[in-house]
Amino acid sequence: MKAISKLKWMMPPSLSRHCSHTPIASRNAANHPPSSLLDDFTRFCYQRDLPRAIRAMDAMQRLGLQADAVTYSELIKCCLSRRAIAEAKLVRNHIFSGGYDPKTFLVNNLINMYVKFNLLEEAQALFDQMPVRNVVSWTTMISAYSNVKLNDKALDLMVLMLRDGVRPNMFTYSSVLRACDSLVSLGQLHCSIIKAGLDSDVFVRSALIDIYAKWGELRCALCVFGEMVTGDSVVWNSIIGAFAQNNDGDGALNLFKRMKRAGFQADQPTLTSVLRACTGLALLELGAQVHVHVLKYDQDLILNNALLDMYCKCGSLEDAKSVFDRMVEKDVISWSTMIAGLAQNGYSREALKLFELMKVSGTKPNYITILGVLFACSHAGLVEDGWYHFRSMKNVYGIDPGREHYGCMIDLLGRAGKLDEAIRLIEEMEYEPDAIIWRPLLDACRVHRNMDVAEYAAKQVLNLDPEDAGTYILLSNIYANSQRWEDVAVVRKNMRERGVRKEPGCSWVEVTKQIHAFILGDSSHPQIVEINRQLNLLIHKLREVGYVPDTSFVLRDLEGEQKEDSIRYHSEKLAIAFGLMSLSKGKTIRIRKNLRICGDCHIFAKLTAKVENRNIVIRDPIRYHHFQDGICSCGDYW
DNA sequence: TTAGGGTTAG
């Protein structure tokens, strides 16, 4: 007791309150006055002097001395900030030595430390040994499992916690929501949250919005958002992100406007979601406007990646390259985005060169990077390169080829007319073939007129997905190309009977930051009469330079818009005519389509680009076509 | 006296 009173006396007043505990009596205090040792230890902990604190702790252990729980907490913080795992283990051993029974909050601190070091098993072992677990102990473990997506473990722990009679709080709910694995359990959790009166907590609210968005339940997300009385920027970001991630760019942009009206400043996550919305809608002008705000966060990696993707997907490769070159920090996403962007925009060889640079830079490619590389090969007919990269993904990078990589290879071989080789690859594959495999094969059969394989592949796709309108159309077009009209009729009948409807072709064009939509056969655009007049004039002009509408595309029309008289009014033709009359000379006409471009529109766009001296970019769901001076960046290979 | 939120590539 004497030692303690001396210790308190020697400590600065700010620290003395932490030493209310009685240290275990010294076993051999002759040469080491315990009071000064404890004093030193406490001081080193508060000074965050880890090496000296550890040395003092060693000496204390030899004397059987222990300090106050708050002091140990300081030491744990110090280990955490220095990522000193070995020292952290010494601290743990010391805390549990000498039969000392540490306070619950101290063990919670230790568990949290192990979690932060990604040593989940050690955290779980400590948790299991605890005689008493409080809400923080449970929440720390639940949150740890949620973070590493061990959702079952997180949910199991929640059940055990309830059985143990510990009531979850807002921390627990905001953690466990991320682990929610079904809409049913989400509904149950949401009910409990309301019952406990925790639904007004902003953390819980943003977690609810995120998880509803993850399950595609935007209406529920919006309800949770709408109940918010006091504003919160993260909750705004959650709801904007929810719409952006569910491909509702319009919804995201409208919410963004509301956020600004409500007086909130856009930060990195806001701008990232807004860029994603622009990317989805191909709104280059708006995206470029957002770029100005991005400059404030000059070297934010995620934001720059989103910007890069926006420029790639809006077909503005110059801007994308400039962003990419200026990025000081690049990660695997930056490289993958640029590689895929180049490939989709018709710059396959540049994409492959960039892949080489990526390897030199030391960034390890991943599953998605290789998909971009194989996409580049398949869209440029680079069979040898494709095989080389396909083989090296496993041998060099240790990435197992997934179905999608096989799909790319089959696409590559199929386009190059190597149907036998494609089929051999399917046979060699360790996966059961599915639509990802059969579709590219089917497409290759259409191009290379292989009826037998086409029929087989189409039937396989329809077995797996009987409502896939694209495949019915493809099959019927393949029959039509071979004049097998009875088979065409059977396919159409099947479609009708199964209630399968094809999506109508739609094109969007951005004019002065406004989106104008054109749907085949829809005359709701206020300027439709003038647009049709322009289109007819244009067709007349093109005919003079040799344009002949290719009606064979009516038959092999990829995914819709197949009416014989409709080819003239395909949505992209209307969009091009509108672009020509609305955008000033020299401005690129940028069009986004929901279906793949048909061959006739492709020729039409090439000739228009030449005759009108206008750049046209058309983005379809798979790739991009840059029309300039009578040629297309895809090299007519798509 | 410890535990919880939003953003990027196919």
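As the structure is a computational prediction, the values presented were derived from the model and not from experiment. Per chain, numbering begins at 1; letters A, B, ... match sequence-line order.
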* Lys/Arg-Asp/Glu bridge criterion (N-O < 4.0 Å) met for A:R415, A:D411 -> yes
* Confirm from the modelled atom types if A:N366 and B:dA9 form a donor-acceptor pair under 3.5 Å, side chain to base only. => yes
* With a 3.5 Å cut-off and just heavy-atom distances, do the side chain of A:N108 and the base of B:dT2 make a donor-acceptor pair? -> yes
* What is the nucleic acid contact for A:Q344, judged by heavy atoms within less than 4.0 Å: base, sugar-phosphate only, or nothing? -> sugar-phosphate
* Asked: Is any NZ, NE, NH1 or NH2 atom of the basic residue among A:R92 and A:E122 found under 4.0 Å from an Asp or Glu carboxylate oxygen of the other?
  -> no
* Check every atom of B:dT2, B:dG10, B:dT7 against the side chain of A:I368 and return the nucleotide holding the closest atom. => B:dG10
* Can we say A:R82 and A:E87 salt-bridge, meaning some charged N sits less than 4.0 Å from an Asp/Glu carboxylate O? -> no
* **Heavy-atom donor-acceptor pair, A:S175 side-chain to B:dG4 base, under 3.5 Å** => no
* Side-chain-base donor-acceptor pair under 3.5 Å for A:D232 and B:dG5 -> yes
* Asked: So what does A:T140 hit on the nucleic acid, given a heavy-atom distance under 4.0 Å: a base, only sugar-phosphate, or nothing?
  -> sugar-phosphate
* For the pair made of CH2 in A:W138 and C1' in B:dT1, what is the distance, rounded to whole Å? -> 20 Å
* **Close side-chain approach of A:I622 and A:F375, heavy atoms under 4.5 Å** => yes
* Asked: B:dG4, B:dG5, B:dA9: which one has an atom nearest the side-chain heavy atoms of A:V235?
  -> B:dG5
